[in-house]
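Here is the structure we will look at, set down as C-alpha cells.
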Amino acid sequence: MSKEIYLDNAATTEMDPLVLRAMLPFLKEGYGNASSPHALGQKAKTAIEKARNIIAKSISADPSEIVFTSGGTESNNFAIKGIAFQNKDKGNHIITTKIEHPSVLNVYKWLENQGFKISYIETDKYGFISSKELDKAITKKTILVSIIHGQNEFGTIQDLETLGKVCKKHDVYFHTDACQSYTKTDINVKKQAVDLITLNAHKIHGPKGVGVLYVRKGTRIMTWQHGGGQEIDRRSGTENVAGIVGFGRAVELGLNKNHIKAMRKLKNILIKELIKIPRVKINGPRDERGLPNIVNAVFLGIEGEAIVGLLDMENIYAATGSACSSNKLEPNPALLAIGLMPQEVNGTVRFSLSRFNTEKEIEKLLNKLPGIVEKLRKFSPF
Ligand SMILES: Cc1ncc(COP(=O)(O)O)c(C=O)c1O
C-alpha cells in the first residue's frame, strides 16, 4: 500500500516527534501537580511557565495575559460568554460574521436565547470584512466584536490592525479566533488592537486538548470555570502539563518563516494545476491575503464527498466541509456566506497543507485527481 498523503491539516495535524519528545517526561516521571509545593510539583510549574513565556512572546503579549484552556472551542466559549456576561451593564449587542467556526456560531445561537442581540456582518466574495461596514454596525449597545482571523475553509486572513482600530475607536472589545492562522501569519497584540485571541495546539503539530485564550490586561471578563484557582483564578482545574509543554514546543518549532514560504509554494503549485482541470473554481484569496496552507476548490457538477472518497482509496486524505461540522448534512454556511450556490458547496474539496507536506505528495495528488474528476463527471447528471 502506498504511503498516506495527509492534506487535511486544517482539521488537525500530525504531532511533530520533537513535540512528543518534549511531552513524554511529563507523562512519565515528571507527573507532578503544578500546584504542589514540593519539587515534583514545582518542576511541572516551571515547565508550564516556560511554555507560557514562549506563547506570550510569539504574539508580543505579557505572560500574565495567557490563559491555558482545553482547546479552541473552550477559548472561544470563554471569550464570548465571558465578555457578554461581564459587560451586560454596558449593552447586549455583539457583532460577528457568517464565516466563523461552529465553536463561535453556536455560542451566539445560545446567547440569543439569553437576551443578547447578534449582528452578522457580510463579507465580500473573498471572505473579507470591510472596516467601514464594521464601523456602521457598531451601536451604543455593542460590547464585543468577534471576527475569525484565518478562515478555516477557504483561508481568508482578516486585517486585524484595521478592524481593531475601529473597535478601539468605539471602545468595544475585539476577539479573534486565530486557531488556523497562528504561526502562519503575524499576530502581534502591540500592533493589532485585539483584546482576546483564541489559539490551540493541534493545528500546529502540537497535541489535542490544549489551547490558549489571550486576555489583554484590564479586560472585564467573567470566569466560567470555578475551582482551585489555577490560571490566576481565571480557569480552574489541574493543568494539562504535558499538553501545555507540547504546545510551547510546537510554537518554538513552528515559528519559522521558511515553513510559510514552503507551504505557499506548494499551495501555488496546487492551484496552478487545479485550475487546468475543466470547471474548477478556487474559493478565497489566492495571494498573500490567504493562509499559506489552504486550497479550497469547487469541482462543478460533482460531489466533493465522492472526490474525497475516491482519494481516500488512494490513501490521500482531504476534506469537504469543516471537520467539526462535517457530520451535518446542510451546506457549509461559511461557503454560502461568500456567495456559493448550495450545489457549488456540495462540489467543494479543501486541501490543507502543513510544513510536513512535500512537492512529491502534491505531484501524486495531481496525478490522480484529473482522472477521478473525469470518471465522476461521466456519472454526473449535471
Ligand atoms: C478556526 C477554528 N476555531 C476553533 C476550532 C476548535 O478548536 P479545538 O478543536 O481545539 O476545540 C477549530 C478546529 O477545528 C478551528 O479550525
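Counting convention: from 1, in listed order, for ligands and their atoms alike.
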*Identify the residue among Met15, His259, Arg249, Arg355 that makes a side-chain contact (heavy atoms from CB on, under 4.5 Å) with His205.*
Arg355
*asked:* Can a side-chain donor-acceptor contact be found between Thr12 and His202 if the only test is distance below 3.5 angstrom?
replied: yes
*NZ/NE/NH1/NH2 to OD/OE distance under 4.0 Å, Glu122 and Lys98*: yes
*Does ligand 1 have any atom sitting under 4.0 Å from a heavy atom of Ser103?*
yes
*Can you sort out which atoms of ligand 1 are near Ile148, meaning under 4.0 Å from one of its heavy atoms?*
1 (C)
*For ligand 1, note which part of Val104 has a heavy atom under 4.0 Å away: side chain, backbone, both or neither.*
neither
_Gly72: numbered ligand 1 atoms lying under 4.0 Å from its heavy atoms_ = 7 (O), 8 (P), 10 (O), 11 (O)
*For residues Ser354 and Tyr6, is any side-chain donor paired with an opposing acceptor at under 3.5 Å?*
no
*Have a look at ligand 1 and work out which part of Lys203, if any, has a heavy atom under 4.0 Å from it: side chain, backbone, both or neither.*
side chain
*Could you tell me whether the side chains of Asp195 and Thr219 share a donor-acceptor contact shorter than 3.5 Å?*
no
*Within a distance under 4.0 Å of any heavy atom of Asn200, pick out the atoms of ligand 1 and give their elements.*
7 (O), 8 (P), 10 (O)
_Hydrogens and angles aside, do Glu100 and Thr97 bring a side-chain donor and acceptor to less than 3.5 Å of each other?_
yes
*State whether the shortest distance between N or O atoms of Glu74 and N or O atoms of ligand 1 falls below 3.5 angstrom.*
no
*With atoms numbered from 1 as shown, which atoms in ligand 1 lie under 4.0 angstrom from a non-hydrogen atom of Gly71?*
10 (O)
*Does His202 approach ligand 1 within less than 4.0 angstrom via side chain, backbone, both or neither, non-hydrogen atoms only?*
side chain
*Counting heavy atoms only, which part of Thr73 comes closer than 4.0 Å to ligand 1: side chain, backbone, both or neither?*
both
*Ile99 and side-chain contact (heavy atoms from CB on, under 4.5 Å): which partner among Val104, Leu105, Asn152, Ile148?*
Ile148
